[in-house]
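It should be emphasised that the depicted structure is a prediction, and the values quoted were computed from it without experimental measurement.
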Amino acid sequence: MGNIRKTDSKKRILKAFIEILNTDGFNKMTVSKITSLAHINRGTFYLNYIDKFDLLEEIE
């Protein structure tokens, strides 16, 4: 069950990341914007990634 939730959170984070990247660009992107759009709390983000640069590196 935990893996399903983690996978869902990562999908939501990725979707939010792409949306913000397309609208605001990477420089204006914040973890707060990502988590707000993904409807997750910051703690969940930080369980998966160190920061937005870590997220970008995983996507690349």
Side-chain angles (χ1 to χ4, degrees):
M1 187 78 154
N3 279 348
I4 293 170
R5 265 189 249 151
K6 187 171 184 176
T7 302
D8 182 56
S9 295
K10 287 187 116 178
K11 284 180 185 174
R12 294 160 110 201
I13 291 168
L14 177 61
K15 186 176 180 203
F17 177 89
I18 292 168
E19 188 171 328
I20 295 167
L21 189 63
N22 288 331
T23 57
D24 298 342
F26 186 77
N27 289 334
K28 291 186 178 180
M29 182 183 302
T30 64
V31 171
S32 292
K33 283 184 182 181
I34 295 168
T35 57
S36 176
L37 192 58
H39 301 288
I40 60 166
N41 64 43
R42 289 173 64 89
T44 301
F45 179 90
Y46 289 118
L47 283 173
N48 294 287
Y49 305 102
I50 298 167
D51 55 21
K52 70 178 186 176
F53 299 97
D54 186 37
L55 172 56
L56 176 64
E57 190 174 302
E58 183 174 303
I59 292 168
E60 290 180 329

Rounded to the nearest 0.5 angstrom, the CZ-OG distance for F45 and S36 is 13.5 Å
| request: Side-chain contact test, heavy atoms from C-beta onward, threshold under 4.5 Å: evaluate it for D24 versus M29 and give yes or no. | output: no
- Query: V31 versus L55: any side-chain heavy-atom pair under 4.5 Å?
  - Reply: no
On a heavy-atom basis, the closest approach of T44 and N48 is O-ND2, 2.8 Å
*asked:* Please say yes or no: joined through hydrophobic side-chain contacts below 4.5 Å, possibly via intermediate residues, are I50 and L56 part of one cluster?
replied: no
So OG1 of T30 and CG of D51: to nearest 0.5 Å the spacing works out to 12.0 Å
In a table with atom names and distances, give each donor-acceptor pair under 3.5 Å that connects a side chain of residues 12-22 to protein atoms at least two apart or in another chain.
residue	atom	partner	partner atom	Å
N22	ND2	I18	O	3.2

One should read off an interatomic distance between Y46 OH and N41 CG, to the nearest 0.5 angstrom, of 11.5 Å
Any side-chain to backbone donor/acceptor pair from K52 onto F26? Under 3.5 Å, distance only.
yes
| Path from I40 to L47 over hydrophobic side-chain contacts below 4.5 Å | no
